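Predicted model, so just to flag it, every value in this text is computed and none were measured.
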Amino acid sequence: MRLLLKMLPPILAFTFIASAYATNSTADTSWDDTKKLLQKGLTINEIDREVERLSASEKTVMEKIAANKREIAALENETKIRREAAGNVLRAYYMGERDNLWLFIFYAQNFHDLLLIYNYLNAILDGDRKILNGYADSMREIAAANERLDETLHELAQVKAQFLAQRKHLVELQNELDKELVRRNDAELLRRQIEQLNETWEKDGLPQFNEYLATFTQAMDLLPDYLNEHGASLKFAGSDITLELAESELNAFLREKDEKFKRITIAFGDGTLTLTGTLNDREMVITGHYVVRDKPENSILFLIDSLTFAGYELPETTIASLEEKYDLAIYIKKLVAFYRATEVKIEKNKLLVKLVFDF
C-alpha cells in the first residue's frame, strides 16, 4: 500500500486513499468520522501557514519601528540646531536689537539709499521668519513621526496578539488530532491521507482560488461595460436608481469577455453570492455577501463567508488572507457618476443595489 502511494501523483493518491476508506468494510470508523479528521488536518495546515505569515509580518513591522525611530532621531538632531537658531532670533527681538535696525532708515540720503536699506532690513526679517518657520516645521515633523511610530507600535501589538491567538489555536487543534489518531488502528494511513490533502490544496486548490478571485475582481471591472450594453439594468424612480443584475445575463456577458469565466459560474440567491468552479473533478466554491461601504469611498464590498475545496471547509484565516490580497469592491462612481449606494440585496437569481443622487 505504501509503495503504491509513493508511485501515485498526490491528487491520485488522495483519491485512491479516499476510495479505500469509502469501500473498506473493516475500517474502525465511518468515512464521515475520517473526513472530520481530514478537515481538522487541513485546518491545522492553514492555521500553521497563518502563524508563519504573522511571524513574517511581525518582523516587517519591527523593521518599520526601527526605521521610525531612526527618522525621529535624525529629526530631533535637526530640530536641536533649528531651536538654537530660533532662540537667537527670539532673543534679538526680546532685547530690542531688531528694533534698532529700523533706525538705519534715517541715514538714507536719497530714495536709492532708502530702497537699499529697506531691502536689507526685509532680507533680515525674511531670514528670521524662515528660521522660526523652520523650527515650527521641525516640531510638526517630529509630532507626525511620533504619531506614525505609535500607529506602528499599535500594529505590532495587533500582529503579536493575532500570532499568539493563532499559535494557541494551532497547538490545541494539533493536540486534539494527535489524541484522536492514537485511538485509530489506521493512524499511519490517515496521516498520509492528511498529508496528501494538504499537498493537493497547496499545489492545486489555493492557486485555483487565487485565480478565481483575481478573475472575479476582473469581472467587477467589466461591470460598467455590462451596464452600457444593458441599459435595462438601471431602474429609475425619480432621482433614485435601482441597479439590477440578473445572474444569467451577467454570466453570459462575462463568458463573452473572457474564456476563464466559462469555468466559473456566479449565482445569486438567499442573500448570498456563490462562485463555483471545478478542478480535476473537485468542486471549489466561494460564498459570500455584499455590504455597503462608505470609506475610503462609496462601494459595495464582497465579504467571503466560506471557501470549500473538494467538500472541505477552509478556516477563517485563509478567508482573511485572500480578502486582504484582493480588492473585492464594486466602486459606484465607476458605474454611475454622481450617485452613491445606500442598500444592497441579493435575491434569487439577481443582485439589487439602491442608488441615490450624491449632492
Side-chain angles (χ1 to χ4, degrees), residues 40-80 82 136-177 198-199 201-203 205-214 216-217 220 286 288 291-307 309 313-329 331:
K40 186 167 291 186
L42 180 60
T43 300
I44 289 171
N45 182 71
E46 284 301 281
I47 293 178
D48 187 46
R49 280 200 319 115
E50 177 66 7
V51 168
E52 290 181 3
R53 188 189 71 81
L54 289 170
S55 180
S57 294
E58 181 179 6
K59 182 179 178 181
T60 301
V61 174
M62 290 182 71
E63 290 173 352
K64 285 172 59 179
I65 290 173
N68 284 344
K69 288 182 176 180
R70 288 194 297 270
E71 179 188 10
I72 290 172
L75 286 171
E76 286 178 343
N77 288 334
E78 182 180 345
T79 301
K80 181 179 179 181
R82 290 183 173 183
D137 289 342
S138 292
M139 294 300 293
R140 281 192 289 269
E141 288 173 3
I142 287 179
N146 278 308
E147 186 175 343
R148 288 193 296 272
L149 177 60
D150 289 341
E151 291 174 355
T152 310
L153 288 170
H154 179 66
E155 182 182 352
L156 177 62
Q158 288 183 317
V159 170
K160 281 187 173 180
Q162 292 175 21
F163 174 82
L164 293 174
Q166 293 299 338
R167 189 173 64 178
K168 179 182 178 183
H169 190 200
L170 177 63
V171 171
E172 291 173 349
L173 285 176
Q174 187 65 61
N175 288 337
E176 290 175 10
L177 181 61
N198 289 336
E199 287 178 3
W201 160 249
E202 291 185 0
K203 181 182 177 182
L206 182 57
Q208 193 65 35
F209 270 116
N210 275 290
E211 181 179 329
Y212 283 172
L213 288 172
F216 182 65
T217 301
M220 298 305 99
I286 301 173
V291 296
V292 175
R293 181 182 66 173
D294 287 320
K295 294 181 179 180
E297 61 180 286
N298 185 249
S299 62
I300 56 172
L301 177 64
F302 181 68
L303 299 177
I304 301 173
D305 296 322
S306 67
L307 300 174
F309 171 65
E313 294 282 336
L314 280 304
E316 292 182 0
T317 55
T318 307
I319 292 174
S321 66
L322 289 173
E323 284 183 330
E324 183 178 345
K325 187 174 182 179
Y326 296 99
D327 185 1
L328 301 175
Y331 294 95

Report task. Would you please test R49 and L206 for side chain to side chain contact (heavy atoms under 4.5 Å, CB included) and show each step? Result -> CA-CA 12 Å; R49 280 200 319 115; L206 182 57; 3.5 Å; yes
**Report entry** Minimum heavy-atom distance between M220 and A329, given as atom pair plus value
**Finding:** CB-O, 4.4 Å
Query raised in the report: Roughly how far apart are K59 NZ and L156 CG, rounded to 0.5 Å?
Result: 14.5 Å
Report task. Output the distance between atom CD (E46) and atom CG (D48), rounded to the nearest 0.5 Å. Result -> 9.5 Å
Report summary line: Separation between CD (E323) and OG1 (T318), nearest 0.5 Å, reads 11.0 Å
Requested in this report: Decide, yes or no, whether a salt bridge links R148 with E151 under the criterion of side-chain N to carboxylate O below 4.0 Å.
Outcome: no
Report summary line: Nearest heavy-atom approach of Q174 to I44 is OE1-CG2, 3.4 Å
Query raised in the report: Does R53 pair with E50 as a salt bridge, N-O distance under 4.0 Å?
Result: yes
Report task. Determine yes or no for a side-chain-to-main-chain donor-acceptor pair under 3.5 angstrom, with Y326 supplying the side chain and N210 the backbone. Result -> yes
**Report entry** Over all atoms of both residues, closest heavy-atom pair of L42 and E313
**Finding:** CD2-O, 4.3 Å
Report summary line: So CG of D150 and CG of N68: to nearest 0.5 Å the spacing works out to 9.5 Å
Query - Rounded distance (nearest 0.5 Å) linking atom CG of N146 with atom NZ of K69 - result: 11.0 Å
Going by atom type alone, with no hydrogens or angles, which donor-acceptor pairs under 3.5 Å involve a side-chain atom of residues 295-307 and a protein atom two or more places apart or on another chain?
residue : atom : partner : partner atom : Å
N298    : OD1  : A341    : N            : 2.6
N298    : ND2  : D294    : OD1          : 2.9
N298    : ND2  : A341    : O            : 3.2
S299    : OG   : R293    : NE           : 3.3
S299    : OG   : R293    : NH2          : 3.4
D305    : OD1  : H289    : ND1          : 3.0
D305    : OD2  : H289    : ND1          : 3.1
S306    : OG   : T287    : OG1          : 2.4

Requested in this report: Mind listing the closest non-hydrogen atom pair of K40 and L173 along with its distance?
Outcome: CD-O, 4.0 Å
Query raised in the report: What distance do L328 atom CG and I286 atom CD1 have between them, rounded to the nearest 0.5 Å?
Result: 8.5 Å
Report task. Start with the C-alpha distance between E71 and E141, add both sets of side-chain angles, then the distance that settles side chain to side chain contact (heavy atoms under 4.5 Å, CB included), and finish with yes or no. Result -> CA-CA 10 Å; E71 179 188 10; E141 288 173 3; over 6 Å; no
Query - Heavy-atom closest pair, residues L54 and Q166 - result: CD1-CG, 4.0 Å
Query raised in the report: Ignoring hydrogens and geometry, is there a side-chain-to-backbone donor-acceptor pair from N45 to G41 under 3.5 Å?
Result: no
Requested in this report: Examine distances only and state if a side-chain atom of S55 and a backbone atom of V51 form a donor-acceptor pair shorter than 3.5 Å.
Outcome: no
Query raised in the report: Using 30° and 60° as the class limits, which term best fits the ring planes of F309 and W201: parallel, tilted or perpendicular?
Result: tilted
